[in-house]
Amino acid sequence: MSTLSPGLRPPPVRPAAVAVAPEPRAARFRLSPADRDVLWLYLLTRISLWITAHFARWLFPAQSGVRETAPVLAPFQRWDANHYLHIARDGYFPAGASPWTSGWDNREAFFPGYPFLLRAVHTVVPDWTAAGLLISSAAGAVAVLALARIAGAYLPEEGAGHRTVLLFLLSPCAVFLAAGYTEALFLAFALPAWLAAMKHRWALAALLTTLGTAVRVSGLFLAAAIGLLFLLSVRGGGGRRTWRSAGWTLLPALPPAAYSWYLHAHTGDWMAWKHAQERGWYRTFHTPWEAWANTWTGAFGGTQSTGYAFMFQAELAAMLVGLALVALLVRRRRWPEAVYVALSLWALGTSYWYTSVPRATLLWWPLWIGLAALSLRRPWFRTVYLCVAAPVTTLVALTFLTGRWAG
């Protein structure tokens, strides 16, 4: 564990007035050779994923004996992607439908940022699935660039950003960065927001975080972490000038508040999005030990089919990774990062059983930076990681692309 200590130590907090010299506007958006290397890596992994999706249509059809393959984009339009499509196309309450309608799909559980953008892109790209893939592809490119730059600020080694992005793009649930899901879009806001906060550009960090809270409730966890980073910067000598930026830290609460008001106007329920999650995904509150026990039973108690049992096993493994990450961050006194991951774990770990914890690992950027630090200091770790991650990542991608993800 001690090998990670240099890898989780960003530059010390400085007074806001002298934290970072302003960059020329032209240089701020110019791609360096390192940025181009990261984008090239991103493109290659997208090509690999598309090859996998193409052959999956032929080798693993939905029914045996069929003589025609599914449409080329069909492997990516599954589960949550369909929820977002329906919201973007029909709205939250189409034709007077409501949570009290028979067969209701609990679509109000999903925040409006992604469906709103999907509808906008659809005006240019007629195919809904293609529009969603375009959003995720563009957002993913922004996310990996920001991740590489954050890693470069945390790690002194040359090539740290490239290594972090490599491990991130080969993570087990990386397929969700390419599908019509919210992970890529959220990271496209969250990672630049964190980068801006590290440079004490609080207004920009708040604006980007606000966009993130419109996409996922995880944006509130990010806002809490950036708020703590702001307080630490003041304590480190930011002074009165830094305090003038304090109001920006409240801005990210606006999208969730506005969405709750909208849902209340249609349902009379201020927490309609949370209650939809409870109805559709068993996200009723349970103590962490109850949630662990219920997930353990699903994984190893013989109560589920093998496919579902495997998913529960993955949930348990991801939760253990998250707990270990929080412990390490606390040990290294990386308090803002620890708050961000801990809030995510609390939200995911207090349901009836764990749901979507493996996907949440994509949002824990300290994890990928820490693993990159370990691989740079222990070359054998990179070999082990790639040998394990390559088959697991391929298996998870095939499971999703062939419609077998949820068991």
Side-chain angles (χ1 to χ4, degrees), residues 1-8 33-56 59 136-137 140-141 143-152 154-179 183-184 187 191 310-311 313-322 324-325 328 341 357-402 405:
M1 300 290 282
S2 61
T3 56
L4 287 181
S5 56
L8 293 174
D35 292 333
R36 289 192 288 270
D37 287 343
V38 165
L39 289 177
W40 180 243
L41 175 62
Y42 179 71
L43 176 61
L44 289 177
T45 56
R46 300 311 89 186
I47 292 174
S48 297
L49 189 58
W50 276 94
I51 292 173
T52 303
H54 172 71
F55 287 112
L59 297 175
S136 292
S137 297
V144 295
L145 283 176
L147 178 60
R149 294 184 180 186
I150 293 173
Y154 277 69
L155 304 177
E157 290 86 356
E158 183 179 357
H162 187 277
R163 179 65 57 84
T164 301
V165 170
L166 173 65
L167 301 184
F168 171 68
L169 291 176
L170 291 181
S171 59
C173 288
V175 65
F176 293 99
L177 295 170
E183 278 77 7
L187 288 173
L191 294 176
F310 174 79
M311 296 303 170
Q313 292 168 21
E315 299 283 348
L316 292 171
M319 178 61 69
L320 290 176
V321 170
L325 176 61
L328 179 60
V341 180
V357 184
R359 279 171 49 199
T361 62
L362 293 170
L363 311 183
W364 302 340
W365 69 86
L367 173 63
W368 310 111
I369 295 173
L371 292 177
L374 181 58
S375 71
L376 288 167
R377 292 160 176 75
R378 300 288 186 270
W380 59 265
F381 178 79
R382 180 185 64 174
T383 303
V384 172
Y385 179 90
L386 294 178
C387 288
V388 173
V392 173
T393 302
T394 303
L395 179 62
V396 171
L398 282 173
T399 302
F400 174 82
L401 295 169
T402 58
W405 172 249

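Heads up: numbering here begins at 1 and tracks the sequence.
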Quiz prompt | Leu395 side, atom CG; Thr52 side, atom OG1 - distance, nearest 0.5 Å | solution = 11.5 Å
Practice problem: Walk me through it: do Trp380 and Thr383 pass the test side chain to side chain contact (heavy atoms under 4.5 Å, CB included)? | Solution: CA-CA 5 Å; Trp380 59 265; Thr383 303; 5.6 Å; no
Practice problem: Please report the closest heavy-atom contact between Leu155 and Ala373, naming both atoms and the distance. | Solution: CD2-CB, 3.6 Å
Quiz item: Is atom OH of Tyr385 surrounded by more than 12 heavy atoms (other residues, nucleotides or ligands) closer than 6.0 Å?
Solution: yes
Quiz item: For atom CZ of Arg46, is the number of surrounding heavy atoms from other residues, nucleotides or ligands below 6.0 Å larger than 12?
Solution: yes
Practice problem: List the atom of Leu49, the atom of Ala397, and the distance in Å for their closest heavy-atom pair. | Solution: CD1-CB, 4.1 Å
Quiz item: How close do Val144 and Leu169 get, heavy atom to heavy atom, and via which atoms?
Solution: CG1-CD2, 4.0 Å
Self-check item: Atom pair OG1 (Thr394) and CG (Leu401), whose distance is rounded to the nearest 0.5 Å
Solution: 10.5 Å
Exercise. Show the numbers, then the answer: is there a side chain to side chain contact (heavy atoms under 4.5 Å, CB included) between Ile51 and Ile47?
Key: CA-CA 6 Å; Ile51 292 173; Ile47 292 174; 4.0 Å; yes
Exercise. Rounded to the nearest 0.5 Å, what's the gap from CG on Leu39 to CG on Leu145? Could you check?
Key: 4.0 Å
Quiz item: Where is the tightest heavy-atom contact between Ala56 and Leu398, given as atom of each residue plus distance?
Solution: CB-CD2, 3.9 Å
Quiz item: At their closest point, which heavy atom of Ala160 faces which heavy atom of Ala151, and how far apart are they?
Solution: O-CB, 4.1 Å
Quiz item: Taking atom types as modelled and ignoring hydrogens, do the side chains of Arg163 and Ser375 form a donor-acceptor contact shorter than 3.5 angstrom?
Solution: yes
Practice problem: Working to the nearest 0.5 Å, report the span between CG of Leu362 and CZ of Phe168. | Solution: 5.5 Å
Quiz prompt | Close side-chain approach of Leu187 to Leu177, heavy-atom, < 4.5 Å | solution = yes
Self-check item: Any donor-acceptor pair under 3.5 Å from Trp368 side chain to Thr361 backbone
Solution: yes
Exercise. Kindly give the heavy-atom pair with the smallest separation between Val388 and Val392, and that separation in Å.
Key: O-CG2, 3.2 Å
Self-check item: Test log, rule side chain to side chain contact (heavy atoms under 4.5 Å, CB included), inputs Val396 and Phe400
Solution: CA-CA 6 Å; Val396 171; Phe400 174 82; 5.6 Å; no
Self-check item: Heavy-atom donor-acceptor pair, Arg378 side chain to Leu374 backbone, under 3.5 Å
Solution: no
Quiz item: Out of curiosity, Asp35 CG to Arg149 CZ, how far, rounded to the nearest 0.5 Å?
Solution: 4.0 Å
Quiz item: Say you draw a straight line from CZ of Arg382 to CZ of Arg377; how long is it, rounded to the nearest 0.5 Å?
Solution: 14.5 Å
Quiz prompt | Expected output: side-chain Thr164 to main-chain Ile369 donor-acceptor under 3.5 Å | solution = no
